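See below for the structure under consideration.
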Amino acid sequence: MKTTIVCKLQVEGIHQWSKCPFEDVKFLKDPHRHIFHIECEKKVNHDDRDVEFIRFKREILDYLHDKYADNECCKFGDMSCEMIAKELVQEYDLERCSVFEDNENGSVVYQYQV
């Protein structure tokens, strides 16, 4: 049996896809705003708040704001949803992380143990 905790959070952010090769969505090359909906899943070793999820959510929010935010919002630059999710998986040793733009389209990154 495996147990995980899940925390959901959202951050306001701006990003762009500077190298977008598709003419019909070329507007993605320009900086644009989203509410990034993030879900982090982390393995725990026991059932008594091995990782307290309210504190964990705050830690992730602090990390994102400290690294990417200015007074307005997170500035992710050319980072895709996949890149943001991968960074969080690696930074927090997550089992899974999903990042969705405006809770509509996004990515899921899984960590596989070898």
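Every value quoted in this text rests on a predicted model; they were computed, and no experiment measured them.
- A heavy-atom distance below 4.5 Å is found between the side chains of Val11 and His65.
- Met79 and Phe27 fall into different hydrophobic clusters, where Ile, Leu, Val, Met, Phe, Trp and Tyr residues are linked whenever their side-chain heavy atoms come under 4.5 Å apart, directly or through other members.
- Under the 4.0 Å criterion applied to side-chain N and carboxylate O atoms, Glu12 and Arg33 are assigned as salt-bridge partners.
- The distance from the NZ atom of Lys42 to the CD1 atom of Ile60 is 9.0 Å, given to the nearest 0.5 Å.
- His15 has its ring centre less than 6.0 Å from the ring centre of Phe36.
- Identified under the salt bridge (Lys or Arg N to Asp or Glu O under 4.0 Å) test for residues 56-68, with sequence neighbours left out: Lys67-Glu87.
- Residues Phe56 and Leu9 form no side-chain contact, since every pair of their non-hydrogen atoms from C-beta on lies 4.5 Å or further apart.
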Does the salt bridge (charged side-chain N to carboxylate O under 4.0 Å, His left out) test come out yes or no for Lys8 and Glu39, once each step is laid out? CA-CA 4 Å; Lys8 296 180 180 184; Glu39 185 172 299; 3.7 Å; yes

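- In this structure, Tyr63 has its ring center at least 6.0 angstrom away from the ring center of Tyr68.
- Trp17 has its side chain within reach of Phe22: a pair of non-hydrogen atoms, C-beta onward, lies under 4.5 Å apart.
- Nearest approach of Pro31 to Ile14, heavy atoms of both residues: CB-CG2, 3.8 Å.
- Between Val108 and Ser98 the shortest heavy-atom distance is CG2-CB, 3.8 Å.
- Each of Leu88 and Phe100 belongs to its own hydrophobic cluster when Ile, Leu, Val, Met, Phe, Trp and Tyr are linked at side-chain heavy-atom distances under 4.5 angstrom.
- The two residues Val25 and Cys20 have their closest heavy-atom pair at O-SG, 3.7 Å.
- For residues 71-85, the pairs satisfying side-chain hydrogen bond (donor to acceptor under 3.5 Å, both in side chains) are Ser18-Asp78, Asp70-Lys75, Ser80-Glu82, with sequence neighbours left out.
- Atom-to-atom distance recorded for Cys97:SG and Lys86:NZ is 13.0 Å, nearest 0.5 angstrom.
- Cys74 SG to Leu61 CG: the interatomic distance, rounded to the nearest 0.5 Å, is 8.5 Å.
- A donor-acceptor contact shorter than 3.5 Å is absent between the side chain of His34 and the backbone of His32.
- Heavy atoms of other residues, nucleotides or ligands lying less than 6.0 angstrom from CZ of Phe53 number 12 at most.
- With rounding to the nearest 0.5 angstrom, the OG1 atom of Thr3 is 9.5 Å from the CG atom of Asn45.
- Here the straight-line distance linking atom CD1 of Ile35 with atom CG of Asp102 works out to 7.0 Å at 0.5 Å rounding.
- In summary, the side chains of Thr4 and Glu41 do present a donor paired with an acceptor at a separation below 3.5 Å, with no hydrogens or angles considered.
- Distance alone, capped at 3.5 Å, places no donor-acceptor pair between the Asn103 side chain and the His37 backbone.
- Of all non-hydrogen atoms in Leu94 and Gln111, the two that sit nearest each other are O-NE2, 2.7 Å.
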